[in-house]
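Below you'll find the structure, written out as structure tokens, and then a few comments.
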Number of protein chains: 2
Amino acid sequence: MPDRKSPKSPHSTQDNPDEVNRRQALIRASARLFREKGYDATTVRDIAAAVGMRSGSPFYHFKNKQEILKAVMEVGLHQGFDRIVAALSKATTVQARFRALVRTQYGILHDDGSEFIAVLLYDWRSLPTESMQEIIRVKDRYDALWQETLREMLQAGLLGAHTHPHPSSESDEKMARLMVMGAINFTVTWYKQKTEPDQMDLDALADATVRFFMRSSTN
Amino acid sequence: MPDRKSPKSPHSTQDNPDEVNRRQALIRASARLFREKGYDATTVRDIAAAVGMRSGSPFYHFKNKQEILKAVMEVGLHQGFDRIVAALSKATTVQARFRALVRTQYGILHDDGSEFIAVLLYDWRSLPTESMQEIIRVKDRYDALWQETLREMLQAGLLGAHTHPHPSSESDEKMARLMVMGAINFTVTWYKQKTEPDQMDLDALADATVRFFMRSSTN
DNA sequence: CCTACCGATCGGTAGG
DNA sequence: CCTACCGATCGGTAGG
């Protein structure tokens with residue numbers, strides 16, 4: 001019978017629910033700190049303090065600081081993927097799917113406690129190359145969800161230069177994704193959710209975005 | 001008669017052409033390094049080595065590392081402003097002005113030796129708050145150049161939801177600027193200029209961008 | 001602009 | 001997960 005108290009085999013995901021919780025707490029706290037100050041400007045001591053640990057203890061859960069960054073990005077992509085899938089499943093028309101994508105992406109980028117993808121966008125360069133490749137695989141699936149709806153939009157003449165139904169090329173679809181997701185993702189550099197009365201909330205931001213990009217079908 | 005050899009009054013812009021050149025060399029080298037590795041990951045030793053100095057010498061030209069960052073951003077904004085003005089002055093129609101803005105902005109972001117604005121976008125958080133305010137003043141003038149052309153585009157029905165000439169509100173115009181510039185600026189995260197044959201060059205990227213955002217006037 | 005250097009901090013580890 | 005710690009590095013400075 002194994003000794004359940006002994007803290008063994010560090011750095012790997014544990015069955016022990018306590019360890020899983022501590023690990024998740026570290027990831028969440030790191031996401032918040034990385035988003036606020038950047039990966040390089042955040043010290044392991046900052047992270048440890050944020051969850052009530054001493055400076056050396058995060059290394060019981062992670063091999064090194066870069067592994068924490070990688071975990072933050074992975075959690076963000078999987079969480080984002082799930083939110084996008086859920087939102088798409090409730091939408092029946094192309095227009096509704098586009099609205100759902102836009103609104104959900106803004107939530108993923110700006111909701112409290114949802115700093116993971118913003119960290120991915122900001123601190124991508126700090127990842128070691130091998131980790132980049134693993135993250136890209138997940139990111140590709142994420143992008144594919146967008147691309148599918150954008151293809152339908154293009155072909156229905158609801159997006160871009162063609163006002164009438166029109167076959168679209170793959171490069172058109174890729175460009176549409178890069179432009180639309182670029183515009184939305186770039187909000188991480190300027191959008192601040194405040195309690196000021198004149199400040200756009202995420203619903204208003206999503207509405208304005210949809211209005212800017214999507215043609216009304218009666219055009 | 002002042003001794004022209006003595007290296008006095010550091011940290012301020014000098015009349016001495018040699019000092020101005022060394023300072024500019026430091027700014028250019030820093031821009032390249034910051035763009036590549038990020039501000040925090042670039043050491044003062046890296047910067048010094050890039051221009052053939054020893055580690056302490058950059059501090060003869062700049063009070064501290066953050067002042068180098070600020071200088072990089074200022075140079076970039078002024079240089080970008082000048083390029084935008086020059087490009088706009090050659091364009092006679094609204095459509096031509098929009099094309100000029102897009103193509104010029106891509107050059108500003110991706111030309112070799114033009115890493116300043118990319119640094120501004122990436123490392124904004126590393127600036128001290130007081131410097132941020134000074135930079136914002138210059139950036140506002142930059143943005144205003146864009147906003148003016150985008151307003152004309154909106155009112156002519158060449159951009160966004162309205163296909164016919166239409167009065168535009170200031171918030172529509174601001175949103176249009178944030179979306180269009182966001183999409184373009186976000187290319188710093190994914191666009192790589194390569195010599196591969198299938199790679200889009202900046203002309204192709206600009207064309208595709210204009211095609212995506214701008215309605216043809218015969219719509 | 002160099003030489004020589006310092007104080008502080010940081011990621012990470014050993015041993016329990 | 002803590003204690004105690006280390007080696008390396010970093011921004012910055014004094015003095016010439």
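Lettering follows sequence order; numbering is per chain, from 1.
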Value in whole Å for how far the P atom of C/dC1 lies from CE of B/Met53: 4 Å
Distance in angstrom units between A/Tyr60 OH and D/dC2 P, rounded: 12 Å
A/Glu148, CD: over 12 other non-hydrogen atoms inside 6.0 angstrom: no
Protein N or O to nucleotides 7-12 of chain D N or O, pairs below 3.5 Å:
residue : atom : partner : partner atom : Å
D/dG11  : OP1  : B/Lys65 : NZ           : 2.9
D/dG11  : OP2  : B/Val44 : N            : 2.9
D/dG11  : N7   : B/Arg45 : NH1          : 3.0
D/dG11  : O6   : B/Arg45 : NH2          : 3.2
D/dG12  : OP2  : B/Lys65 : N            : 2.7

Helical stems, DNA chain C - three or more consecutive Watson-Crick or G-U wobble pairs below 3.5 Å: C:1-16 with D:1-16
Please identify each residue that fulfils side chain to side chain donor-acceptor pair (under 3.5 Å) with [X], with sequence neighbours left out.
X	value
B/Asp201	none
A/Asp143	A/Lys139, A/Arg177
B/Thr209	B/Tyr106

Pairing residues for A/Glu134 by the side-chain contact (heavy atoms from CB on, under 4.5 Å) criterion, not counting sequence neighbours: A/Lys70, A/Glu74, A/Arg137
A/Phe116 six-ring face occupied by A/Arg28 cation (under 6.0 Å, within 45°): no
B/Arg141 to B/Phe81 six-membered ring, cation-pi geometry met (6.0 Å, 45°): yes
A/Met53 side chain reached by A/Tyr60 side chain, heavy atoms, under 4.5 Å: no
